[in-house]
Amino acid sequence: QLQLVESGGGLVQPGESLRLSCAASGFPLDYYAIGWFRQAPGKEREGVSCISSAGVGTNYADSVKGRFSISRDNAKNTAYLQMNSLKPEDTAVYYCAARRGRLCVPDLRGFGSWGQGTQVTVSS
């Protein structure tokens, strides 16, 4: 039922910013907590950030705290990840994922719906 499509990735220099979007269709997004994950070459997929279904609770990986900000607009059926002060180590494919329920969970296996991903490359 639920489909997710990421957009907003690209090539930027260190210190610059990007805003990723996750557009949902097929089901009301306010039934789902939304997580952002990333996978760099040769590494396992890791959690970046998550936001509860109502947008009240958020969490972030230590590596992105203070630089990234997650948000959502349930009326528009869209979630966002604002990425500031980007570093080369942020280079990865970024995925949004949805978990049916109010709260986030730490394990990516708790998210049942996934987008196809969008490439973020940070290089000088």
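Side-chain atoms are counted along with the backbone in the values below, which use heavy atoms only and exclude waters and symmetry mates. For reference, positions follow the sequence shown, starting with 1.
Distance check: Asp30 CG to Asn77 CG gives 7.5 Å after rounding to the nearest 0.5 Å. The NZ atom of Lys65 lies 10.5 Å from the OG atom of Ser49; values are rounded to the nearest 0.5 Å. To the nearest 0.5 Å, the span separating OG on Ser71 from CG on Leu81 amounts to 8.5 Å. Considering OG1 of Thr78 and CG of Leu29, their distance stands at 7.5 Å, rounded to 0.5 Å.
Residues Ser53 and Gly101 approach most closely at CB-O, 3.8 Å, considering heavy atoms.
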Side-chain polar contacts of residues 13-26 - donor-acceptor pairs under 3.5 angstrom, sequence neighbours left out - could you list them?
unit_1 : atom_1 : unit_2 : atom_2 : d
Glu16  : OE1    : Gln13  : N      : 3.0
Ser17  : OG     : Asn84  : OD1    : 2.9

Cut-off 3.5 Å, no hydrogens considered: what does the side-chain donor-acceptor table look like for residues 117-124, sequence neighbours left out?
unit_1 : atom_1 : unit_2 : atom_2 : d
Thr118 : OG1    : Gly9   : N      : 3.2
Gln119 : NE2    : Ala92  : O      : 3.4
Gln119 : NE2    : Thr121 : OG1    : 3.3

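In this structure, Ile70 and Tyr80 have side chains that are not in contact, with every pair of non-hydrogen atoms separated by 4.5 Å or more. Val48 is not listed as a side-chain neighbour of Tyr60, based on a closest heavy-atom distance of 4.5 Å or more.
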Quiz prompt | Cys96 and Leu4: CA distance, side-chain angles, deciding distance, side-chain contact (heavy atoms from CB on, under 4.5 Å) verdict | solution = CA-CA 7 Å; Cys96 68; Leu4 303 174; 3.8 Å; yes

Practice problem: Please test Gln116 against Val5 for side-chain contact (heavy atoms from CB on, under 4.5 Å), starting from the C-alpha separation and ending with a verdict. | Solution: CA-CA 7 Å; Gln116 194 164 327; Val5 179; over 6 Å; no

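Residue Trp114 is found in a hydrophobic cluster whose other members, listed by chain and number, are Phe37, Val93, Tyr95, Val105, Leu108, Phe111; membership requires side-chain heavy atoms under 4.5 Å apart, directly or through intermediates. Through side-chain heavy atoms spaced under 4.5 Å, either directly or across other Ile, Leu, Val, Met, Phe, Trp or Tyr residues, Leu103 is tied to no other residue. Counting Ile, Leu, Val, Met, Phe, Trp and Tyr side chains that sit under 4.5 Å apart, directly or through other members, Val56 stands alone, with no cluster partners. Apart from Leu11 itself, the hydrophobic cluster it occupies contains nothing, where clustering links Ile, Leu, Val, Met, Phe, Trp and Tyr at side-chain heavy-atom distances under 4.5 Å.
Every pair passing salt bridge (Lys or Arg N to Asp or Glu O under 4.0 Å) that includes a residue from residues 103-124 is listed here, sequence neighbours excluded: Asp107-Arg109. Note on residues 33-91: pairs passing disulfide (SG to SG under 2.5 Å), not counting sequence neighbours, are Cys50-Cys104.
Applying the side chain to side chain donor-acceptor pair (under 3.5 Å) rule to Gln3 yields no partners; only residues at least two apart in sequence or on another chain are considered. With sequence neighbours left out, Arg100 forms a side chain to side chain donor-acceptor pair (under 3.5 Å) with Tyr32. Here Lys43 pairs with Ala40 under the side chain to side chain contact (heavy atoms under 4.5 Å, CB included) rule; sequence neighbours left out. Residues satisfying the side chain to side chain donor-acceptor pair (under 3.5 Å) test with Arg38, not counting sequence neighbours, are Glu46, Ser63, Asp90, Tyr94.
Side-chain atoms of Arg67 come within 3.5 Å of backbone N or O of Ser85 as a donor-acceptor pair.
The environment of Glu89 atom CD is dense: over 12 non-hydrogen atoms of other residues, nucleotides or ligands sit within 6.0 angstrom. Within 6.0 Å of the OH atom in Tyr31, the count of heavy atoms belonging to other residues, nucleotides or ligands does not exceed 12.
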